[in-house]
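Quick notes on the structure that follows.
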Amino acid sequence: SHANEPVNYEMTPPAGGEHAGVWQNCGVYRQPVRSEQTVHSLEHGVVWITYRPNLPAAQIAQLEQITSERDFVLLSPFPGLPGPVYASAWGYQVALDDAFDPRLEQFIAQFEVGPTAPEPGAPCTGGDGDPLDR
């Protein structure tokens, strides 16, 4: 359901649940994005890659490259992230040790516009946000 107020999610970062009425546009963000809007994007089949803001520049560049090659992936830093890198999809999440972990590509292949999302293939543009690569 749609929430007008901030949501207190059980997971960090969230991987589903109540969310804003407007989704976050896919692409690369160098500043944190609102979880409520990004969870709406997850509903559309987006994979959200989050990373600690102090991740080494080479790893951030790797994540930006991966994200820019896909239409339904969103990347943003996430202050307070429990580990270096996380990939989240609606109802699923994997914690990664770094940006070069091969499980990231496997996760994206399995969940990007995948059958676990309630509205797979719904828009990932025309919402909120101005990503760097679009």
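All values reported here derive from a predicted model rather than from experimental measurement. Values below: all heavy atoms of this structure, side chains included; hydrogens, waters and symmetry mates excluded.
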- [ ] Flag the pair Asp71 / Cys26 as yes when at least one side-chain heavy-atom distance between them is below 4.5 Å, and no otherwise.
- [x] no
Open item on the list: For Glu69 and Gln65, which I'm curious about, is there any donor-acceptor pair between the side chains at under 3.5 Å?
Closed with: yes
Task: Stepwise side-chain contact (heavy atoms from CB on, under 4.5 Å) check, Leu63 with Leu55 - done: CA-CA 11 Å; Leu63 296 174; Leu55 196 69; 3.8 Å; yes
TODO: Consider only side-chain heavy atoms of I, L, V, M, F, W and Y, link residues closer than 4.5 Å, and tell whether Leu132 and Val47 are in one cluster.
DONE: yes
Open item on the list: As a test of understanding, state which of Leu74, Leu104, Leu96 forms a side chain to side chain contact (heavy atoms under 4.5 Å, CB included) with Ile49.
Closed with: Leu104
TODO: State, yes or no, whether a side-chain contact exists between Val39 and Val7 at a heavy-atom distance under 4.5 Å.
DONE: no
Task: Neighbour count >12 (heavy atoms, 6.0 Å) for atom OH, Tyr9 - done: yes
TODO: Test Val94 against every option in Gln106, Gln110, Arg103 by the side chain to side chain contact (heavy atoms under 4.5 Å, CB included) rule and name the one that passes.
DONE: Arg103
Open item on the list: Let me confirm one number: the OG1-CH2 distance from Thr125 to Trp23, rounded to the nearest 0.5 Å.
Closed with: 8.0 Å
Task: Nearest-0.5 Å distance, NE2 of residue His44 to CZ of residue Phe72 - done: 8.5 Å
Task: Derivation and outcome, side-chain contact (heavy atoms from CB on, under 4.5 Å), residues Thr12 and Tyr86 - done: CA-CA 9 Å; Thr12 302; Tyr86 276 70; over 6 Å; no
Task: Asp128 side-chain N/O to Asn25 backbone N/O, donor-acceptor pair under 3.5 Å - done: no
Open item on the list: Treating Gln93 as the side-chain partner and Pro13 as the backbone partner, does any N or O pair qualify as donor plus acceptor under 3.5 Å?
Closed with: yes
Task: Distance (rounded to the nearest 0.5 Å) between Arg70 CZ and Glu112 CD - done: 6.5 Å
TODO: May I have the step-by-step check of side-chain contact (heavy atoms from CB on, under 4.5 Å) for Tyr51 and Gln59, ending in yes or no?
DONE: CA-CA 9 Å; Tyr51 61 91; Gln59 291 193 47; over 6 Å; no
- [ ] Could you give me the CA-CA distance, side-chain angles and deciding distance for Glu105 and Ile66, then say whether side-chain contact (heavy atoms from CB on, under 4.5 Å) is met?
- [x] CA-CA 8 Å; Glu105 293 280 0; Ile66 290 168; 3.6 Å; yes
Open item on the list: Would you compute the distance between atom OG of Ser41 and atom CD of Glu36 and round it to the nearest 0.5 angstrom?
Closed with: 12.0 Å
- [ ] Pick out which of Pro77, Pro53, Ser76 makes a side chain to side chain contact (heavy atoms under 4.5 Å, CB included) with Pro32.
- [x] Pro77
Task: Arg30 side chain vs Pro131 backbone, donor-acceptor pair below 3.5 Å - done: no
Open item on the list: Is the ring pair Phe107/Phe111 parallel, tilted or perpendicular, if the boundaries are 30 and 60 degrees?
Closed with: tilted
TODO: Flag yes if Leu81 and Leu42 sit in one hydrophobic cluster, no otherwise; membership is Ile, Leu, Val, Met, Phe, Trp, Tyr, and two members link when side-chain heavy atoms are under 4.5 Å apart.
DONE: yes
TODO: For the residue pair Gln24 and Tyr29, confirm or rule out a side-chain donor-acceptor distance under 3.5 Å.
DONE: yes
- [ ] For residues Trp90 and Pro118, determine if any side-chain heavy atom of one lies less than 4.5 Å from a side-chain heavy atom of the other.
- [x] yes
Open item on the list: Using 0.5 Å steps for rounding, measure from the CD atom of Gln62 to the CG atom of Asp101.
Closed with: 11.0 Å
